Chemist: 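Quick one: the structure is below, questions incoming.
So you know, we letter chains A, B, ... as the sequences are listed, proteins then strands, and number each from 1. What you see below is based on every heavy atom in this structure, not just the backbone, and it leaves out hydrogens, waters and symmetry mates. What you are looking at is a predicted structure, and each value in this text was computed from that prediction instead of being measured.
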2 protein chains.
Amino acid sequence: MLNSVLKDSEKYQPGLSIDCVIFGFYDNQLKVLLIKTAYSDQWGLPGGFIPKDEDLDLAANSVLFKRTGLEGIFLRQFGTFGAVKRNKGHFNDGIFDALDTPLEERNWYLQRFITIGYYALVDFLEAVPQRKKDTEIVEWIDHKAVPDLILDHQNILDKALETLRMELNLMPVGYNLLPEKFTIPELQKLYETILDRKLDRRNFLRKITAIGILTKLDEKKSNVAHKAPNLYSFDKEKYEEVVKNGLHQGW
Amino acid sequence: MLNSVLKDSEKYQPGLSIDCVIFGFYDNQLKVLLIKTAYSDQWGLPGGFIPKDEDLDLAANSVLFKRTGLEGIFLRQFGTFGAVKRNKGHFNDGIFDALDTPLEERNWYLQRFITIGYYALVDFLEAVPQRKKDTEIVEWIDHKAVPDLILDHQNILDKALETLRMELNLMPVGYNLLPEKFTIPELQKLYETILDRKLDRRNFLRKITAIGILTKLDEKKSNVAHKAPNLYSFDKEKYEEVVKNGLHQGW
C-alpha cells in the first residue's frame with residue numbers, strides 16, 4: 001500500500017486497517033490469495049484502510065474487489081486484532097528513504113494499527129488476482145504451503161481458517177467455493193480439505209443429503225472414463241434458508 | 001464517559017471504542033448490565049476507549065473490571081461495528097455546554113467511532129455493578145425488557161445474543177453463568193432462557209450428560225420440600241477440553 005493511498009492521510013480512519021483472507025478451492029487445495037509488495041520480502045494478506053466516509057463492510061468489499069475483480073461475494077468479519085506491538089518495527093527509515101516517503105506519510109505508517117479481519121470465499125476460476133503496481137506480486141498459495149508472513153498475518157490467517165472450520169458445522173459453505181455443477185466426491189474433497197482430515201464416504205453422503213440443499217442433475221461428469229459420477233448443484237433457495245437458520249438445531 | 005477520561009486525548013486510539021455486553025443469569029432471566037449516564041436519557045452498554053499502550057483484549061478486560069469488579073472472567077470478541085453514521089448526532093452542543101466540555105474533548109467525541117464488541121458471561125451473584133460517577137446508574141436488566149438504547153447498541157446487543165446462541169451449539173457455556181453447584185433443571189432453564197424456547201427434559205438430560213462435563217455431587221438441593229433434585233458441578237478439566245475441541249465433531 002505504501003506510497004499509493006495517502007494523498008491525504010485525513011481521508012482515512014487513523015490507526016485502523018482491514019485485512020482480507022481470501023480463500024479459493026482449486027486442484028484439491030484450499031488456496032489463499034497473498035501479496036508481496038515492494039517494501040517487504042515477505043508475503044502478506046491483501047488489505048487496506050477505511051475511508052472516513054465509508055461503512056466498514058463496504059471498505060472490506062473494496063479491498064476484495066480491487067484484488068479479485070469480484071463483487072457481491074461471501075465476505076465475513078471474523079476478528080479484530082489489536083496487540084500494541086503488532087506493527088511495531090515493520091517499517092523503517094531505509095524503506096521510507098528508498099521510496100522517498102514524505103514525513104506525514106511516514107508518521108501515518110508508524111502509528112499503532114488495529115486491524116479488522118474479513119474472510120472471503122470465492123470461486124477460484126472467477127477471481128482474477130490483481131496488482132495495483134508493477135512491483136507487487138499477487139498469487140494464490142496453498143494454505144498448507146504458506147511461507148512466513150508479515151506482521152501477525154499468520155495469526156490472522158489461522159484465525160480465519162479456524163472460523164471457517166467452525167462455520168462448516170453451522171452452515172453449508174460449498175456454494176461460494178465450487179463451480180455451479182459438481183460431484184459429491186468433489187464436494188467431499190472440499191470439506192476434507194478445509195477440515196484437513198478424511199471423511200467417511202457413506203456418512204458424508206448421508207449427512208450432506210439430509211441437509212436438503214442439493215439438486216441432482218440429469219447430467220454426468222464428462223471426461224471420466226469409467227462410472228462417471230452424477231453432477232449436482234445447490235438449491236439456492238434452500239441453501240440460503242439453511243445458512244440463515246443454521247445446520248444444527250442442537251439443543 | 002464524557003468529561004471523565006480525556007485529560008489528554010492523545011492517550012487513546014482515535015476513533016475507536018469498546019462496548020461490552022455483560023450477561024448474567026438470575027431469577028431465570030438472562031440479564032444485561034446497562035448504564036445510564038448524565039448525557040443521555042437512554043440506556044447504553046458499558047464501554048471505554050483503548051489506551052495507546054494497551055492491547056485490545058486488555059482494554060476490554062479493564063472495562064469489565066471497572067463495571068463488575070471481576071477479573072479473569074469469560075470475555076469474547078464477537079464483532080466490530082463500523083457504520084459511518086453510527087455515532088453521528090449523538091452529542092450536541094447543548095450537552096457539551098451543560099457539561100462545560102473543552103473544545104478538544106468535544107472534537108474527540110464528535111469524530112467517527114468504530115466500536116469493537118465483546119461479550120462477557122459472569123456469575124450474577126459475584127458481579128457488583130459499579131458506577132464511576134454519582135450521575136450514572138448501572139443496572140442489570142432482563143434482556144427481554146431492554147428499553148431503547150443509545151446509538152447502535154441494540155444492534156450490538158442482538159449480535160452478542162446471536163453469537164451466544166450459536167456458541168451454545170459449539171461449546172458448553174454454563175460454567176460462567178451458574179453458581180458452583182446447580183441442579184439439572186437449573187442448567188436446563190439457563191439453556192432455555194438463552195435459546196428462548198422450551199427444551200424436552202429427557203433429551204436435554206441425555207445430551208448434556210453425553211458431553212461428559214458434569215459431576216454428580218453427593219448432595220441434594222436444600223429448601224426443596226419434595227423430591228429434592230441432585231446437585232451437580234462442572235468437571236473443570238473436561239469442561240475446558242470440550243470448550244477447546246468443540247462439542248460437535250460435525251462432519
Side-chain angles (χ1 to χ4, degrees), chain A residues 12-16 18 50-60 76-86 111-118 159 162 165-173 187-188 190-192 194-195 197-200 203-204 206-208 211 246-251, chain B residues 12-16 18 50-60 76-86 111-118 159 162 165-173 187-188 190-192 194-195 197-200 203-204 206-208 211 246-251:
Chain A
Y12 299 95
Q13 292 291 111
L16 264 183
I18 286 173
I50 302 158
K52 285 190 172 168
D53 57 356
E54 247 182 44
D55 286 351
L56 181 55
D57 288 347
L58 187 62
R76 192 180 279 258
Q77 206 192 89
F78 65 90
T80 295
F81 301 81
V84 173
K85 297 189 174 166
R86 55 175 298 278
Q111 71 184 310
R112 171 183 174 190
F113 273 94
I114 288 175
T115 198
I116 300 154
Y118 281 79
K159 180 80 186 168
E162 190 187 299
R165 282 183 182 143
M166 188 196 73
E167 299 202 331
L168 215 56
N169 287 322
L170 297 171
M171 64 176 82
V173 301
L187 184 58
Q188 178 171 342
L190 169 65
Y191 274 65
E192 289 180 338
I194 293 175
L195 295 169
R197 58 185 167 88
K198 287 272 171 209
L199 299 174
D200 178 74
N203 267 341
F204 181 77
R206 184 176 52 78
K207 286 183 184 175
I208 202 81
I211 302 174
L247 271 179
H248 294 279
Q249 292 308 321
W251 299 96
Chain B
Y12 299 95
Q13 292 291 112
L16 263 183
I18 287 173
I50 302 157
K52 285 191 172 167
D53 57 356
E54 248 182 43
D55 287 351
L56 181 55
D57 288 347
L58 188 62
R76 192 180 280 258
Q77 205 192 89
F78 66 90
T80 294
F81 301 81
V84 173
K85 297 190 174 166
R86 56 176 296 280
Q111 71 184 310
R112 172 183 174 190
F113 273 94
I114 288 175
T115 199
I116 301 154
Y118 281 80
K159 180 81 185 167
E162 188 187 301
R165 283 182 182 145
M166 188 196 73
E167 299 202 332
L168 215 56
N169 287 323
L170 297 170
M171 64 177 81
V173 300
L187 184 58
Q188 178 172 341
L190 169 65
Y191 275 66
E192 289 180 337
I194 293 175
L195 295 171
R197 58 185 167 90
K198 286 274 170 206
L199 299 174
D200 179 74
N203 268 340
F204 181 77
R206 184 177 52 77
K207 285 184 185 173
I208 202 81
I211 302 174
L247 271 180
H248 293 279
Q249 291 309 320
W251 298 95

Chemist: Check whether B/Leu16 gets within reach of chain A through its side chain, its backbone, both or neither, counting any heavy atom under 4.5 Å.
Modeler: side chain
Chemist: How close do A/Val84 and B/Asp55 get, counting heavy atoms only, and between which atoms?
Modeler: N-OD1, 2.6 Å
Chemist: Between B/Gln77 and A/Gly79 (side chain of the first, backbone of the second, donor and acceptor by atom type, cut-off under 3.5 Å), is there such a pair?
Modeler: no
Chemist: If you round to the nearest 0.5 Å, how far is OG1 of B/Thr80 from CZ of A/Phe81?
Modeler: 10.0 Å
Chemist: For B/Met166 and A/Met166, work out which heavy atoms get closest and say how close.
Modeler: CE-CE, 3.8 Å
Chemist: Among B/Glu192, B/Arg86, B/Lys85, B/Lys52, who wins on heavy-atom pairs under 4.5 Å with chain A?
Modeler: B/Lys52
Chemist: Looking only at heavy atoms, what is the nearest atom pair of B/Leu56 and A/Ile114, with distance?
Modeler: CD2-CG2, 4.5 Å
